Structures are given as C-alpha cells and as structure tokens.
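Taking it in order: structure first as structure tokens, then the write-up.
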Amino acid sequence: MKPSRIEHIGIAVKSIEESRKYYENVLGLECYKIEEVTDQKVKTAFFQVGETKIELLEPTADDSAVAKFLEKRGPGIHHIAYAVDQVDAALAEAESKGVQLLDKSARKGADNLNIGFLHPKSTESVLTEFCSK
Ligand code: CMX
C-alpha cells in the first residue's frame, strides 16, 4: 500500500479566525475552503502548499476529539494524512500487520475525501489518516 504523498497535515487550533492570520499574512497562503465536518465536531480550513495541504482543525463541541487534544496537548500538529489508492484496502493491510484501526472502513471526510484513521498507539504516536479521492 505505499502512500503516494502526504495529502495533508492536520493542525489543531483554538480559533481558525485567529490562526489563519499566520498562514495568510506570514506564509502568504490562501484559504481555499472552510468546511464544518459535523460528525467529527470540527470546523476545518484548507490551504494548498504544492502537492499537499494544511488543514486547520477547530473543535465545534467540548467532546470533540480535537477539543480533547487541545486540552491535553495544546495547539499543534494533530495528524498526518497519506494519500493511498484505496482507503479500505490500506486499512485492511495495516490491520493485517497488527495496527489498531480507528475506522474499520472508509468514511466521508472533509474536502471530498474518503478517509480512515489508525490509532496513534499503533503508529509510533502519530495519529495517522489514509485518504483517497
Ligand atoms: N496524536 C498522537 N497521539 C494522540 C492524539 C493525536 N492526535 N490524540 C490522542 N493521542 C494519544 C493520547 O495522548 C493518549 O496517549 P497516552 O495514553 O500516552 O496519554 C492516547 O492517544 C489515547 O488518548 P485518549 O485521550 O485516551 O483518547 P481520546 O479519547 O483522546 O482519543 C483518538 C484519541 C486518537 C482515539 C481520537 O482522537 C480519534 O478517534 N481520532 C480520530 C478522529 C479524529 O481525530 N477526528 C478529528 C479530525 C477530523 C478531520 O480531519 O476531518
């Protein structure tokens, strides 16, 4: 299942309105989409950087995974997402190699992607996502 590239890096922030200023005013990047992902209880903001993207993640509820992350670790890199051909196949292969899955099969994520997460306890402490178009 070799990933073809890093699709995006997810970064937990307290406020997209505040944090986007750095990406726009200092790095000169353009936010091309703001999207709420209701089932993940997050608002997202996307910036294209060459072949990859930065995804800012702001929690929309106190019990969101990102709210918990911010409370425990503060703002910063939350996950790395790898582009794969097929999320279901990549998840199955990872599981067959002993990785604990957070998603047994692909589901719809932000920015029109099929996504699936692996547990950070199985991935050298980095929350890992597979995604495909
Ligand atoms: N990166 C690395 N480690 C993480 C982590 C992260 N983002 N989030 C939690 N952990 C670690 C915790 O520090 C903890 O480690 P210790 O036991 O050593 O303290 C361990 O994982 C378990 O954490 P927890 O607090 O008990 O569990 P949570 O209830 O916070 O759940 C996780 C953690 C990863 C299972 C949960 O956040 C999850 O299911 N994430 C996948 C979905 C997601 O993150 N959605 C938001 C983004 C959606 C999007 O991109 O659109």
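Note that the structure is predicted; figures quoted are calculated from it, not measured. Ligands are counted one by one from 1 in listed order, and the atoms in each one are counted from 1 as well.
Atom CD1 of Ile77 has 12 or fewer heavy atoms from other residues, nucleotides or ligands within 6.0 Å. Counting non-hydrogen atoms of other residues, nucleotides and ligands closer than 6.0 Å to NZ of Lys33 gives a total above 12. Annotation for Tyr32: atom OH counts as buried by contact number, over 12 foreign heavy atoms lying within 6.0 Å.
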Handout entry: side-chain contact (heavy atoms from CB on, under 4.5 Å) evaluation trace for Phe117 with Arg107
Key = CA-CA 10 Å; Phe117 278 94; Arg107 58 189 167 84; 3.4 Å; yes
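Checked by distance only, ligand 1 and His78 come closer than 3.5 Å through their nitrogen or oxygen atoms. Some N or O of Lys68 is nearer than 3.5 Å to an N or O of ligand 1, by distance alone. Residue Lys72 has at least one nitrogen or oxygen atom sitting less than 3.5 Å from a nitrogen or oxygen atom of ligand 1, judged on distance alone.
When each of Asp103, Asn114, Leu118 is checked for a side chain to side chain contact (heavy atoms under 4.5 Å, CB included) with Phe130, only Leu118 meets the rule.
Closest to atom 51 (O) of ligand 1 among all protein heavy atoms lies Glu55 OE2, 3.7 Å. Of the protein's heavy atoms, Leu102 CD1, 4.0 Å lies nearest to atom 38 (C) of ligand 1. Nearest non-hydrogen protein atom to atom 42 (C) of ligand 1 is Gln40 OE1, 3.4 Å. At the shortest separation from atom 15 (O) of ligand 1 among protein heavy atoms lies Lys121 NZ, 3.5 Å.
Note: Ile11 CD1 to Leu56 CG = 6.0 Å, rounded to the nearest 0.5 Å.
Under a 3.5 Å cut-off, the side chain of Glu35 and the backbone N or O of Asp111 do form a donor-acceptor pair. Glu7 places no side-chain N or O within 3.5 Å of a backbone atom of Ala81 that could act as its donor or acceptor partner.
Close approach of ligand 1 to Leu127 is summarised as follows: ligand atoms under 4.0 Å from at least one heavy atom of the residue are 1 (N), 2 (C), 6 (C), 7 (N), 34 (C), 44 (O). Remark: ligand 1 atoms within the under-4.0 Å shell around heavy atoms of His79 are 50 (O). Listed by number with element, the atoms of ligand 1 under 4.0 angstrom from any heavy atom of Arg73 are 2 (C), 3 (N), 4 (C), 10 (N), 11 (C), 12 (C), 13 (O).
Taking both residues in full, the closest heavy atoms of Asp88 and Ala106 are given as OD1-N, 2.7 Å, listed atom of the first, atom of the second, then distance.
By the definition of a contact as any protein heavy atom under 4.0 Å away, atom 33 (C) of ligand 1 is not in contact. Distance check on atom 45 (N) of ligand 1: some protein heavy atom falls below the 4.0 Å cut-off. Distance check on atom 9 (C) of ligand 1: every protein heavy atom falls at or beyond the 4.0 Å cut-off.
Note on ligand 1: Lys41 sits outside its first shell, no heavy atom being nearer than 4.0 Å. Not a single heavy atom of Gly109 sits closer than 4.0 Å to an atom of ligand 1.
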